[in-house]
Amino acid sequence: MAVSIDAETLIDWFDDCGRDLPWRHAECTPWGVLVSEIMLQQTPVARVEPVWHEWMARWPAPSALAAASQGEVLRAWGKLGYPRRALRLHEAATAIAAEHGDVVPSDVDVLLALPGIGAYTARAVAAFAYGKRAPVVDTNVRRVVARAVHGAGDAGPASNTRDMADVAALLPVAEGRAARFSAALMELGALVCTARSPRCADCPVHERCAWQRAGRPAYAGPAKAVQKFAGTDRQVRGLLLDVLRGSEGPVWKESLDVVWPDAGQRDRCLDSLLVDGLVEQAPDGRFALPGETGQGVS
DNA sequence: GAATCGTGGCA
DNA sequence: TTGCCAAGATT
């Protein structure tokens, strides 16, 4: 019999200790929740919060974002990272405005059909914006479940089907409680059951924690792939895009060439940015953010 | 399943 | 200083 997690104990802790984040406020719209979830993908809360506020003031509904140009959206995305998220969110907003009456869908399968929305985000929106009962599995939840339920030091490689089944088995039956529990589970992983040095002394569920009972054994699974950054295409693409974000209009290639010494890698990255639709080239040969080549849309 | 895709803070 | 890590999605 697998160890479980007492939902009410965890929810009580969440009520007391959960962070007061703006997208958790009662007056936050489903659109606000969706924007937050996209921005928070692989990105720390502290970096997201100010940008999220700007976006909500500027684009309070999907149709408002849809009316903006891709360049404006990329500029407003700033340095949150993974800028393709911004383009996909723009696409999703366009679809929501055109096909869903400007209302963020509440159905998981409908959400999954939108660009940039995967297994996690679809269920997070369904749960946090609409109070639905769905297994919301992110990196925090996977770690908490690995420890509290399975007694492992950390989660192994992600397996969507297995991980969601694990979490589904923990969810309270009542819809409202399930959504609250999901938020609490994530928050526990973010604040207490952290990756590096978990604060077990402050954990509301440590009494029943399988990892605690097993003597907190070290993680025994396969080594996690460490992502390099320095010298990768990701870094070069970031440098190139940063030039365009910081310039008023289109720039000549010389302005882009200065950001990286290796011409081969530089050109390859510029090509990939063009392919991804993150950069456009004007007829005169200059480069700009999409929609800002000075040639109009038509 | 594995690789790829940004950025910056912190131990 | 440097490696690890942060509310993933897509191919």
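Side chains included, hydrogens not; waters and symmetry mates left out as well; all remaining heavy atoms used. Labels below follow one simple rule: chain letters A, B, ... track the order of the sequence lines, proteins then strands, and each chain is numbered from 1.
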What nucleic acid atoms does [X] come within less than 4.0 Å of, heavy atoms only: base, sugar-phosphate, or nothing?
X      : answer
A:W77  : nothing
A:G118 : sugar-phosphate
A:R245 : sugar-phosphate
A:A119 : sugar-phosphate
A:P157 : nothing
A:L185 : nothing
A:T121 : sugar-phosphate
A:A195 : sugar-phosphate
A:L241 : nothing

Below 4.0 Å: OP1/OP2 of [N] and any side-chain N or O of [X]:
X      : N     : result
A:R19  : C:dA7 : no
A:R24  : C:dA7 : no
A:R237 : B:dG6 : yes
A:K228 : C:dC4 : no
A:T139 : C:dC5 : no
A:K224 : C:dC4 : no

Between A:E187 and A:R24, does any side-chain N to carboxylate O distance fall below 4.0 Å? yes

Thinking salt bridges, do A:R268 and A:D271 make one under a 4.0 Å N-O criterion? no

Please answer: with hydrophobic residues joined when any side-chain heavy atoms are less than 4.5 Å apart, are A:V236 and A:V258 in the same cluster? yes

Can you name the one residue among A:L89, A:D276, A:L74 that meets side-chain contact (heavy atoms from CB on, under 4.5 Å) with A:R84? A:D276

Within this structure, what is the [atom1]-to-[atom2] distance between [X] and [N], rounded to whole angstrom?
X      : N     : atom1 : atom2 : answer
A:R234 : B:dT7 : CZ    : P     : 10 Å
A:L111 : C:dA9 : CG    : P     : 11 Å
A:L21  : C:dA6 : CG    : C1'   : 14 Å
A:D242 : B:dG8 : CG    : C1'   : 13 Å

Using the [atom1] atom in both, what is the distance from [N] to [M], to the nearest Å?
N      : M     : atom1 : result
B:dG8  : C:dA9 : P     : 23 Å
B:dG1  : C:dA6 : C1'   : 23 Å
B:dA11 : C:dA7 : P     : 15 Å

When you compare the side chain of A:L289 with that of A:Q70, does any pair of heavy atoms fall below 4.5 Å? no

Could you say whether A:R84 or A:R143 is positioned toward the 5' end of DNA chain C, judged by the nucleotide with the nearest heavy atom to each? A:R143

5' precedence on DNA chain C between A:Q41 and A:P44 (nearest-nucleotide basis): A:P44

Shortest non-hydrogen contact from A:L170 to A:S4? CD2-OG, 3.8 Å

Contacts of A:S272 and A:A158 projected onto DNA chain B by closest heavy atom; the upstream (5') one is A:A158

Below 3.5 Å, does any donor atom in the side chain of [X] face an acceptor in the base of [N], or the other way round?
X      : N     : answer
A:R47  : B:dT7 : yes
A:R196 : C:dC4 : yes
A:T43  : B:dG6 : yes
A:Q227 : B:dC5 : yes

A:D154 and salt bridge (charged side-chain N to carboxylate O under 4.0 Å, His left out): which partner among A:K224, A:R143, A:R216? A:K224

